[in-house]
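Worth saying up front: this structure is predicted, and the values here are computed from it rather than measured. Residue numbering restarts at 1 for every chain, and letters A, B, ... go by the order of the sequence lines.
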Number of protein chains: 2
Amino acid sequence: MESEEAVATIGDVARAAGVSRSTVSYALSGNRPISRETRERIDQAILELGFTVNAGARALATAQTKAIGLLSQFHRDEFAPAMLQYIRSVSDAARELGYDVLFVTDIDGSAAVRRITSSNMVDGVVLLDVTHADPRLDALRAARQPGALVGLPGDTEGLDVFDLDFGESARVMVDHLYSLGHREIILVSPPKHVFERGGAYGWRFRDAAIERAGRYGIRIHPYYGESQQPEITVNIDAILDARPTATAMIVHNDATIAALPMVLQRRGVRVPDDLSVVSLYAQDFGRTFSLPYTAVESSPDKLGRMAVQQLVRRIIDPGQAGPAVVKFVAPELVDRGSTA
Amino acid sequence: MESEEAVATIGDVARAAGVSRSTVSYALSGNRPISRETRERIDQAILELGFTVNAGARALATAQTKAIGLLSQFHRDEFAPAMLQYIRSVSDAARELGYDVLFVTDIDGSAAVRRITSSNMVDGVVLLDVTHADPRLDALRAARQPGALVGLPGDTEGLDVFDLDFGESARVMVDHLYSLGHREIILVSPPKHVFERGGAYGWRFRDAAIERAGRYGIRIHPYYGESQQPEITVNIDAILDARPTATAMIVHNDATIAALPMVLQRRGVRVPDDLSVVSLYAQDFGRTFSLPYTAVESSPDKLGRMAVQQLVRRIIDPGQAGPAVVKFVAPELVDRGSTA
DNA sequence: CTGAAAGCGCTTACAG
DNA sequence: CTGAAAGCGCTTACAG
């Protein structure tokens, strides 16, 4: 059982290589020149002993953990599938930059932010699914570590924020439908509870769509969507029954768009012949649900990646990273032929 | 700017409370009796200074990080939605037991296991999506930290393993269909690449289904499913065209079952009147995809939770936790009326 | 009930 | 180019 062997420390390496511990440390970090001969002896010793730097000790000495916190919330009554793409892109981007990810799903997000920052478990924090008056922001501002958000809060003071431009997304869709001749449109927004919770993307999109439609003289009928079956289906049916003369539908709701193909097929509604449909979702999401609709790309990969990159910039050099930034990803309409 | 203040250490608390650092430490841990008066002064000082124990320093001193690693793989060509439920249950269970989660998605899983274990970043590791000859297992066995697996490998030696009983799941389904009078059944397995990668749940389920059907004299037609559109739909159509006399379908394939309602509706196949359908998926998954089928519950919550609990047991007391355990969750058929 | 001191495994000025 | 030493912020025998 080699498991009895104590784990090798930098001191063991130093002894085996016949040098001092500081020399091993500098050989590891490259922070000062080491003779070729010495370096080779050290490398050899590291290999033989299977040495790896103890992360906790390094963190204590450098005051850097090389980890970032990823705060994710799972709300009851929520349609979760889109979340994974953000988690994944943050994780991948972090690793590429040499950071590990502490994944936190505590119900109490504020407490979680305080816990991981004040105990110095992480060098920075990424907040997912940020709401208008997100309680986690105060905790983040009070922390000594920087933070980056995916999702636009009401007050962006001092924080780096990344989000899709939902207002422009709505305008792009309305313009698209207008140019095709549509004059009466249904709009399905996120569920009411998303608005109530402060999911700003809901009203940012809706208000922009209504404003734009108004400018063109388009009749637009806004509705809340649902997030759970069977309510989703009931809801879609009710909306379609109520608006038989509408020629197009804008769906800004993951759960609704995922269920739409079924409902339309059952009702015998052909897309785009009977009804034009435009939506907003990530390409991967569309593939998962076999969605054939023209849609604005929601870009979870890009957003997660941007957030991490900016965060790491601030971690590495708090001074150079400049003032807080709010960045909106421009919508890109991917035409899949579901409008006419 | 209070941000200039250095972060409070245990020494600051000790000074403020007029006691020694060790007393503060013991007050924190509760590892020895402290007089009420002293304890109050310490609590007061902690509050005033906003003190939190430095996680890295504690980890260094105790050789415990209070974190577990969660190794998750994202394969190209994979249907991802089910993964999030495992991630979530592991994360929730870990937090309930006082552990944080280091979430790792490196392409090279072995290297990732070595990295986080040998650098002592975690006290233990949970492996998700384990394959028959999973290369991460050697790295895990070589580590000084314990590990728990979700998914059955070919060699379970020395490892705690948790998985659904896929063989029994298949038998339950075949029995169910047999008792309803079905004598010709279609079986849709996971995609071929899952089998090739060593996803043992694929053949464990399939072989058991074939064996059981054989015993009953049921004709069973096994097929690989697909994982991406439009291949999924093409595949289902081809299978149904090839087996017009089959009266039931067992679907052991997330992507296929998610797309099935659409295909059946388009073809005008009524369930269960024209075709009985049984599948295997988690309740949440079924809700997400609005699936109306009778199915064996895949229990991601239970599996993730069991893995974490066993892992923490081993972390806390490596001696008492006993020999490695392989636990299969019994299948539970949830009847949703899709068979007749 | 409490304190002084050693030690966890690193990094980094300081010195040569 | 290299070493001895201090220090990062904790915990825990050891002593009283």
Side-chain angles (χ1 to χ4, degrees), chain A residues 5-43 45-46 49-67 115-123 144, chain B residues 5-43 45-46 49-67 115-123 144:
Chain A
E5 314 242 8
V7 56
T9 73
I10 205 170
D12 300 325
V13 174
R15 198 173 316 116
V19 298
S20 72
R21 299 189 307 157
S22 53
T23 299
V24 176
S25 180
Y26 283 117
L28 252 28
S29 68
N31 282 343
R32 80 179 180 193
I34 309 280
S35 73
R36 212 175 63 85
E37 194 198 5
T38 303
R39 157 152 277 137
E40 279 168 5
R41 287 216 310 283
I42 292 174
D43 288 347
I46 288 176
L49 297 169
F51 168 77
T52 313
V53 173
N54 179 299
R58 173 172 279 176
L60 184 56
T62 62
Q64 284 214 57
T65 63
K66 289 300 224 172
R115 182 168 59 82
I116 66 172
T117 56
S118 67
S119 67
N120 246 304
M121 304 185 73
V122 296
D123 295 334
R144 45 185 175 286
Chain B
E5 312 245 5
V7 55
T9 73
I10 204 172
D12 299 326
V13 174
R15 197 172 317 115
V19 298
S20 72
R21 298 190 306 155
S22 51
T23 299
V24 176
S25 179
Y26 284 115
L28 252 28
S29 66
N31 283 343
R32 80 177 180 192
I34 308 280
S35 72
R36 213 175 64 84
E37 192 199 5
T38 304
R39 155 152 280 133
E40 279 169 5
R41 286 219 310 284
I42 292 174
D43 288 347
I46 287 175
L49 297 168
F51 167 78
T52 313
V53 173
N54 179 299
R58 171 173 280 176
L60 184 57
T62 61
Q64 283 215 58
T65 63
K66 288 301 225 170
R115 181 168 59 80
I116 66 172
T117 56
S118 67
S119 66
N120 246 303
M121 301 184 76
V122 296
D123 295 334
R144 49 186 172 284

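Residue A/Asn120 comes nearest to A/Thr65 through the heavy atom pair O-CG2, 3.1 Å, listed as atom of the first residue, atom of the second, then distance. The two residues A/Thr23 and A/Ile34 come nearest to each other via the heavy atoms O-CD1, 3.9 Å. B/Arg39 and B/Ala27 get closest at one heavy-atom pair: NH2-O, 3.2 Å. Between A/Lys66 and A/Asp123, the shortest heavy-atom distance links the atoms N-OD2, 2.7 Å.
Each of B/Ala61 and B/Arg32 has a nearest nucleotide on DNA chain D; the 5'-most of these lies closest to B/Ala61.
A/Asn31 comes within contact range of the sugar-phosphate backbone alone, with a heavy-atom separation under 4.0 Å but no base atom that close. When heavy atoms are screened at a 4.0 angstrom cut-off, A/Ser119 is found touching no nucleic acid atom at all. Among the atoms of the strands shown, only primed sugar atoms or phosphate atoms (P, OP1, OP2) are found under 4.0 Å from some heavy atom of A/Thr38.
For the pairing with B/Ser119, the side chain to side chain contact (heavy atoms under 4.5 Å, CB included) check across A/Asn54, A/Thr52, A/Val53 returns one residue only, A/Thr52.
Between the CZ atom of B/Arg58 and the CG atom of A/Leu60 there is a distance of 13.5 Å, given to the nearest 0.5 Å.
Contacts between residues 18-28 of chain B and DNA chain D, defined by a heavy-atom separation under 4.0 Å, are made by B/Arg21, B/Ser22, B/Ser25, B/Tyr26.
Between the side chain of A/Arg15 and the backbone N or O of A/Arg21, no donor-acceptor pair lies under 3.5 Å.
Counting heavy atoms from C-beta on, the side chains of A/Phe51 and A/Leu28 come closer than 4.5 Å.
Of all nucleotides in DNA chain C having an atom under 4.0 Å from a heavy atom of chain A, the first and last in 5' to 3' order are C/dG9 to C/dC14.
Applying the Watson-Crick and G-U wobble criteria (two distances, each under 3.5 Å), C/dT2 pairs with D/dA15.
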